[in-house]
Amino acid sequence: MRRAIGFDLDGTLFDDRQYVRQGFDAAASYLARETGRDLRDAFADAYFERGITDRTFDVVCREQGLDPAYVPALIEAYHGSTAPLDPAPGAESVLQSLGRICRIGVLTGGRRGRSKLERLGLDTFVDAVVVTPDRDLSKRQREAFSVFYDELGVEPHESIFVGDRPELDLRWPAELGALTVWIRGTDRSRPVNSPTHEPTAVVDELRRLPEVLESIGAIPRARE
């Protein structure tokens, strides 16, 4: 049996598009107070429809003729939202049941990772959290996972790591000796094999994770 299970956060334990939409709502509310203009739809259109996921506020402010000096405050408002978030279906029960037999850790590359867990209501199920921006690290670096396993208090070969992006979430755990599970979600067009890593197992929904872990012998089978 594996002693610990690590999880990615955004896209794995919750649909992170919620965070983006709530962040845009907060940023738009700030801007409306300051300028009287509501750019909520412009932010969402740039990000979700036009695929401008990097420097979104810079692009929209430039297109709308707004002073770029607003951008830092928009970013702060975006990440400062405290609205509740909905976890992925089954996330709470999965963490609760697995937490009875394993240590649970979260490694995230997103800002405000601890705040997100609290807003999701999942923080009480987690034993260790590593937010890579707070450590000047990236999940593309092996060191981030070494720090994570130190925080979790286990060796990689004693663990499982679960994520929705194999090339980012699963490569280093696999190379360090962990079993890996890809939460594929609804996109069945994505191949199981990534250019950098073939996961130990694939599951379409987080709620099915325990049965998949049982099937590969990573955790004991539940008693009938």
Side-chain angles (χ1 to χ4, degrees), residues 7-91 106-122 131-133 138-140 162-171 182-196 199 202-207:
F7 290 88
D8 165 57
L9 180 55
D10 294 26
T12 299
L13 292 178
F14 80 113
D15 183 342
D16 51 330
R17 289 174 296 185
Q18 295 174 81
Y19 184 84
V20 176
R21 291 190 185 281
Q22 291 181 3
F24 284 152
D25 284 347
S29 294
Y30 159 79
L31 194 63
R33 291 193 301 271
E34 294 294 312
T35 68
R37 297 182 62 183
D38 185 351
L39 297 187
R40 194 178 320 259
D41 291 343
F43 294 149
D45 178 73
Y47 189 95
F48 291 109
E49 303 300 328
R50 297 160 58 196
I52 303 171
T53 57
D54 186 44
R55 305 182 72 86
T56 309
F57 292 126
D58 296 84
V59 172
V60 173
C61 284
R62 183 173 64 250
E63 291 177 346
Q64 297 290 329
L66 284 173
D67 189 337
Y70 283 114
V71 169
L74 289 170
I75 294 172
E76 188 63 27
Y78 175 94
H79 288 294
S81 175
T82 57
L85 295 166
D86 294 323
V106 169
L107 174 63
T108 177
R111 290 179 57 180
R112 308 286 174 95
R114 293 178 184 276
S115 172
K116 289 176 186 174
L117 282 170
E118 292 171 1
R119 291 164 63 186
L120 289 162
L122 300 178
V131 182
T132 58
S138 161
K139 283 198 292 185
R140 300 189 185 281
V162 181
D164 69 312
R165 298 175 63 188
E167 66 283 359
L168 185 63
D169 300 328
L170 307 183
R171 175 192 173 192
W182 176 23
I183 304 292
R184 182 163 53 178
T186 58
D187 186 0
R188 306 295 190 271
S189 65
R190 292 181 65 186
V192 171
N193 297 348
S194 79
T196 56
V202 179
V203 62
D204 292 332
E205 296 179 288
L206 181 65
R207 72 177 95 204

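All of these numbers come straight from a predicted model, not from anything done at the bench. Sequence positions, counted from 1, serve as the residue numbers for this chain.
In this structure, the ring of Phe48 has its center no less than 6.0 angstrom from the ring center of Phe43.
Between Thr56 and Phe24 there is a side-chain heavy-atom pair separated by less than 4.5 Å. Using a 4.5 Å cut-off on side-chain heavy atoms (C-beta onward), Ile52 and Tyr47 make no contact. You'll find the side chain of Arg37 reaches within 4.5 Å of the side chain of Leu66, heavy atoms only.
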Output a table of donor-acceptor pairs, distance under 3.5 Å, between side-chain atoms of residues 69-90 and any protein atom two or more places apart or on a different chain; print 'none' if there are none.
from, atom 1, to, atom 2, distance (Å)
Glu76, OE2, Arg112, NH2, 3.3
His79, ND1, Tyr19, OH, 2.8
Ser81, OG, Ala83, N, 3.4

List the atom pairs, with distances to 0.1 Å, where a side-chain N or O of residues 8-15 and a protein N or O form a donor-acceptor pair under 3.5 Å, not counting sequence neighbours.
from, atom 1, to, atom 2, distance (Å)
Asp8, OD1, Lys139, NZ, 2.7
Asp8, OD2, Thr12, OG1, 2.7
Asp10, OD1, Lys116, NZ, 3.2
Asp10, OD2, Lys116, NZ, 2.7
Thr12, OG1, Asp164, N, 3.1
Thr12, OG1, Asp164, OD1, 3.2
Asp15, OD1, Arg17, N, 3.0
Asp15, OD1, Arg17, NE, 3.0
Asp15, OD2, Arg17, NE, 3.2
Asp15, OD2, Arg17, NH2, 2.7

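Expressed to the nearest 0.5 Å, how far OG1 of Thr132 lies from CZ of Arg140 amounts to 11.0 Å. One finds the CG atom of Asp204 at 9.0 Å from the CD1 atom of Ile183 (value rounded to the nearest 0.5 Å). Once rounded to the nearest 0.5 Å, the distance linking CG of Leu120 with CD of Gln18 reads 7.0 Å. Interatomic distance, CD of Glu63 versus CG of Asp45, reported as 9.0 Å (0.5 Å rounding). Here the OG1-OH distance, from Thr35 to Tyr30, works out to 9.0 Å after rounding to the nearest 0.5 Å. Note that CG of Leu168 and OG of Ser138 are 6.5 Å apart. Values are rounded to the nearest 0.5 Å.
Across Val60 and Ala46, no two heavy atoms sit closer than the pair CG2-CB, 3.8 Å.
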**Request:** Please assess Gln22 against Arg119 for the test side-chain contact (heavy atoms from CB on, under 4.5 Å), listing each intermediate value before the final yes or no.
**Result:** CA-CA 12 Å; Gln22 291 181 3; Arg119 291 164 63 186; 2.6 Å; yes
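Residue-environment remark: CG (Asp41) stays at or below the threshold of 12 foreign heavy atoms within 6.0 Å.
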